[in-house]
Engineer: 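There's a structure below that I have some questions on.
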Amino acid sequence: MLRTHTCGELRTSHIGQSVTLCGWVDTYRDFGGLVFIDLRDRYGMTQVVFNPSLAEMHAVARSLRNEDVIRVTGEVVARPADMQNLKLSTGEIDLKGRQLEVLNKSKTPPFFPTQAELPNEELRLKYRFVDLRRPAVQQAMILRHNLSKATRDYFDENGFLEIETPMLGRSTPEGARDYLVPSRVHEGCFYALPQSPQIYKQILMVAGYDRYFQLAKCFRDEDLRADRQPEFTQIDVEMAFVQQDDILGTIDGLMARLVKKLRGTELKLPLPRLTHREVMERFGSDKPDLRFGLELTDLGEIASVCDFGVFKSTIESGGRVRGIRVPGAAEKYSRKQIDDLTEFVKQYGARGLAFFRVKDGELDSPIAKFFSPDHQKAIIAKLDARPGDLIFCVADSFKVSSAALNALRLRLGKELNLFDPQELKIAWVVDFPMFQWNDEEKRWDAEHHPFCQPVEEDIPFLDSDPGKVRAQSYDLVCNGYEAASGSVRIHDSTVQQKIFNLLGITNDEAEARFGFLLEALRYGAPPHAGVALGLDRWVMLFLASDNIRDVIAFPKTQKAGDMLTGAPAEVDPKQLRDLHIKVDVPR
RNA sequence: GGGGUCGUAGCUCAAUUGGUUAGAGUACCGGACUGUCGAUCCGGUGGUUGCGGGUUCGAGCCCCGUCGACCUCGCCA
């Protein structure tokens with residue numbers, strides 16, 4: 001070892017000892033005489049003092065610059081009482097330099113790890129090796145490690161085996177676009193990187209590995225978002241001889257463990273179980289942020305009898321009129337700000353945003369004249385509104401009113417600081433619908449995927465009314481994010497057949513796409529169920545970050561590029577020849 | 001594929017709304033200084049305003065295109 005201690009380690013108890021530290025020069029303060037160096041590594045910072053009495057060393061110390069890598073041997077000395085730096089954990093001592101070795105000079109970096117202003121993200125990603133030295137990024141990496149470790153410990157203690165599944169798999173043209181990998185040996189054939197280990201883990205259940213988990217890398221070639229990367233990590237879980245409640249209970253336990261390990265607090269179990277129908281009504285979203293109120297209220301009864309044409313016709317055409325009450329916000333939002341909010345909800349398909357300022361027993365609004373005093377009172381009563389409140393309404397289809405009001409609710413919650421950003425509000429959403437009607441193609445689509453087991457009592461509806469069929473599928477939601485998703489799988493081929501028929505997938509198609517899974521299920525598949533948690537998202541949530549790139553050491557940009565390495569890049573023509581690939585880029 | 005924000009010194013930003021030689025802080029280089037910790041003081045270097053075109057007597061600013069980053073709708077079974 002080139003060092004005896006780290007830069008975050010030395011205390012008054014080490015005074016008098018001779019030690020050697022290695023690290024990066026964080027800052028230098030040169031007084032002509034004394035030279036101070038803050039020496040930094042990922043454990044902390046220690047101040048090193050160089051005295052001019054050792055002339056040769058002192059001259060080298062004066063030449064040090066930010067981010068040089070050095071090795072210093074010296075004596076741990078107490079700082080005079082009025083010279084202590086309480087901001088540093090090592091601030092009661094100095095290292096008095098006796099021997100200084102420059103291990104490596106550094107080019108002047110474009111930014112410094114401990115500078116106050118954060119440079120733009122593009123630059124941080126290009127110089128990620130500097131950015132990763134930033135204490136905040138290091139904290140994120142440490143938390144991520146701790147989360148992974150706690151997860152592995154938990155599953156290990158509960159009898160699960162971590163089993164790796166292949167990265168090079170078979171493309172199944174379902175769901176997201178695959179990343180393809182050409183085969184050299186099989187000319188013209190391609191592997192696909194896994195979107196998830198779904199099929200392998202089900203096969204593992206058939207094979208009798210009844211408790212499986214894996215921290216699995218997954219890949220999806222879709223457009224990115226602040227919470228979405230093209231490659232990401234799932235905590236992937238599958239169990240055999242279980243029912244839905246067993247999965248939920250297992251993950252309840254995992255969440256309690258993670259909260260305990262990472263936050264040091266107790267999580268109350270069981271986590272709430274909310275039905276899909278309920279959260280869609282109350283929040284307009286299947287991944288509600290439960291940290292604050294502003295719940296949606298149905299105003300259909302009043303809307304259907306009022307004189308406001310937009311409301312009335314919406315109800316008549318089978319749509320919904322719903323509102324949210326924002327307590328005490330009547331004066332907080334100017335007309336111009338409300339116009340901004342109107343534009344905002346239009347992004348989600350809403351045609352407009354009605355608003356009312358609540359006065360004493362009546363409503364103040366450009367559209368108030370369409371509502372009789374009785375109707376105004378009814379709206380106030382229905383929303384339990386008080387003078388000074390602000391009411392927003394969206395009249396549209398269930399889908400659009402949900403999307404628009406959910407977005408509005410999240411925006412208002414943030415703008416009005418209605419929640420503690422550090423808080424974690426975790427709940428299950430259960431009883432998702434099995435199918436959703438695809439109006440464009442006039443057929444039923446799987447809401448989740450075609451291998452979900454329907455709720456037993458709904459199976460008769462498969463023939464009569466597929467829209468009524470609930471799936472035994474469930475999502476874990478936290479602070480407005482979908483943080484896990486899973487289902488009980490179909491292990492009975494006749495039920496599976498029915499589902500495929502409903503989705504318009506012929507037997508031949510099913511065999512061609514999933515034949516290897518269907519065949520495996522015919523060889524003694526036990527009842528099984530599983531779930532997958534987004535590891536990156538959970539690290540985000542524990543860090544109270546809203547940027548997934550914060551929790552990944554080497555993330556990709558929104559166009560899925562790597563600013564550090566320049567990937568993706570063109571390849572040598574010889575490589576393409578080996579693969580029999582001709583590139584044909586338009587323009 | 002659509003909508004939006006941004007791009008000026010190494011970095012973070014400004015430039016009186018189209019008007020002289022594009023400024024500041026910080027970083028960097030040089031000098032002074034023996035207890036600082038956002039050190040201080042003095043001096044200095046540093047710019048094809050992302051790139052290409054256009055309008056104009058004149059463009060960092062207006063217009064068109066393009067590249068890149070970010071946010072978002074669609075998409076992500």
Side-chain angles (χ1 to χ4, degrees), chain A residues 26-40 45-53 58 62-63 65-67 77 79-88 90-91 94 96 107-112 114-127 130 172-178 195-196 198 218-230 232 340 343-350 400 403-404 407 410-411 432 434-436 438 444-452 471 473 482 485 487 499 503 505 513-514 534 546-547 549 556-559 561 563 587:
Chain A
D26 191 72
T27 46
Y28 60 94
R29 293 177 291 280
D30 181 354
F31 285 78
L34 289 180
V35 175
F36 297 93
I37 299 287
D38 290 334
L39 193 62
R40 187 196 71 240
M45 204 116 78
T46 300
Q47 176 167 278
V48 187
V49 189
F50 296 99
N51 196 287
S53 60
H58 183 254
R62 293 193 74 181
S63 75
R65 292 297 179 265
N66 287 355
E67 301 309 308
V77 297
R79 292 202 199 183
D82 55 337
M83 305 295 170
Q84 296 181 352
N85 183 350
L86 299 178
K87 284 186 256 175
L88 282 183
T90 60
D94 283 331
K96 193 176 163 189
K107 284 175 74 175
T108 303
F111 60 93
F112 299 102
T114 58
Q115 75 182 42
E117 298 166 318
L118 210 54
N120 79 60
E121 204 177 354
E122 192 176 348
L123 194 76
R124 287 174 50 205
L125 293 179
K126 187 169 178 188
Y127 293 88
V130 177
T172 53
E174 291 287 304
R177 275 184 278 266
D178 287 323
Q195 296 177 28
S196 93
Q198 180 66 34
C218 304
F219 305 84
R220 290 179 192 174
D221 188 6
E222 293 293 344
D223 287 347
L224 305 180
R225 290 285 190 283
D227 63 344
R228 240 193 261 163
Q229 281 276 300
F232 57 98
D340 285 347
E343 287 307 306
F344 176 70
V345 297
K346 282 181 180 172
Q347 291 174 33
Y348 300 87
V400 169
L410 294 179
R411 176 167 165 171
F432 276 72
M434 183 85 194
F435 307 103
Q436 59 181 8
N438 183 333
W444 293 100
D445 283 342
E447 169 89 18
H448 197 49
H449 61 59
F451 311 113
C452 289
S473 72
E482 176 192 320
S485 186
S487 64
I499 305 290
L503 295 172
I505 300 172
R513 288 188 199 172
F514 319 110
D546 52 12
N547 178 350
R549 295 179 297 276
K556 304 259 189 304
T557 66
Q558 194 167 56
K559 282 199 177 160
M563 300 299 287
R587 268 183 308 124

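Per chain, numbering begins at 1; letters A, B, ... match sequence-line order. Keep in mind that this is a model prediction, so the values were computed, not measured.
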Engineer: Could you check B/U17 for me: syn (within 90° of 0) or anti?
Structural biologist: syn

Engineer: Looking at A/Phe219, I'd like to know if its CZ atom is crowded, meaning that more than 12 non-hydrogen atoms belonging to other residues, nucleotides or ligands lie closer than 6.0 Å.
Structural biologist: yes

Engineer: Is any side-chain nitrogen or oxygen of A/Arg124 closer than 4.0 Å to OP1 or OP2 of B/U12?
Structural biologist: no

Engineer: Taking only the C1' atom of each, what is the distance from B/C75 to B/G1 in whole angstrom?
Structural biologist: 10 Å

Engineer: How does protein contact run along nucleotides 33-44 of chain B, one letter per nucleotide 5' to 3', with B for base contact, S for sugar-phosphate only, - for none, heavy atoms under 4.0 Å?
Structural biologist: BBBBBSB-----

Engineer: Within the structure, does a side-chain N or O atom of A/Asn120 lie under 4.0 Å from either OP1 or OP2 of B/C70?
Structural biologist: no

Engineer: Give me the atom names and distance for the closest heavy-atom approach of A/Tyr28 to A/Arg65.
Structural biologist: OH-CD, 3.3 Å

Engineer: C1' atom, B/G19 versus B/U36: distance in rounded Å?
Structural biologist: 48 Å

Engineer: Can you check side chain to side chain contact (heavy atoms under 4.5 Å, CB included) on A/Ile499 and A/Phe435, steps first, answer last?
Structural biologist: CA-CA 10 Å; A/Ile499 305 290; A/Phe435 307 103; 4.0 Å; yes

Engineer: When all nucleic acid strands are considered with a 4.0 Å heavy-atom cut-off, which category describes A/Leu125: base, sugar-phosphate, or nothing?
Structural biologist: nothing

Engineer: Determine the interatomic distance between P on B/U26 and the same-named atom on B/G18; round to the nearest Å.
Structural biologist: 32 Å

Engineer: One thing to verify: whether A/Arg124 and A/Glu121 come together as a salt bridge, which I'm taking to mean a side-chain N less than 4.0 angstrom from a carboxylate O.
Structural biologist: no

Engineer: Paired with B/U12: which nucleotide, if any, by Watson-Crick or G-U wobble criteria at under 3.5 Å for both distances?
Structural biologist: B/A24

Engineer: Could you tell me whether A/Arg65 contacts a base, only the sugar-phosphate backbone, or nothing, with contacts defined as non-hydrogen atoms closer than 4.0 Å?
Structural biologist: sugar-phosphate

Engineer: With the threshold set at 4.0 Å, does a side-chain nitrogen-carboxylate oxygen contact exist between A/Arg29 and A/Asp38?
Structural biologist: yes

Engineer: Under 3.5 Å for both donor-acceptor distances, Watson-Crick or wobble: does B/C29 have a partner, and if so which one?
Structural biologist: B/G43

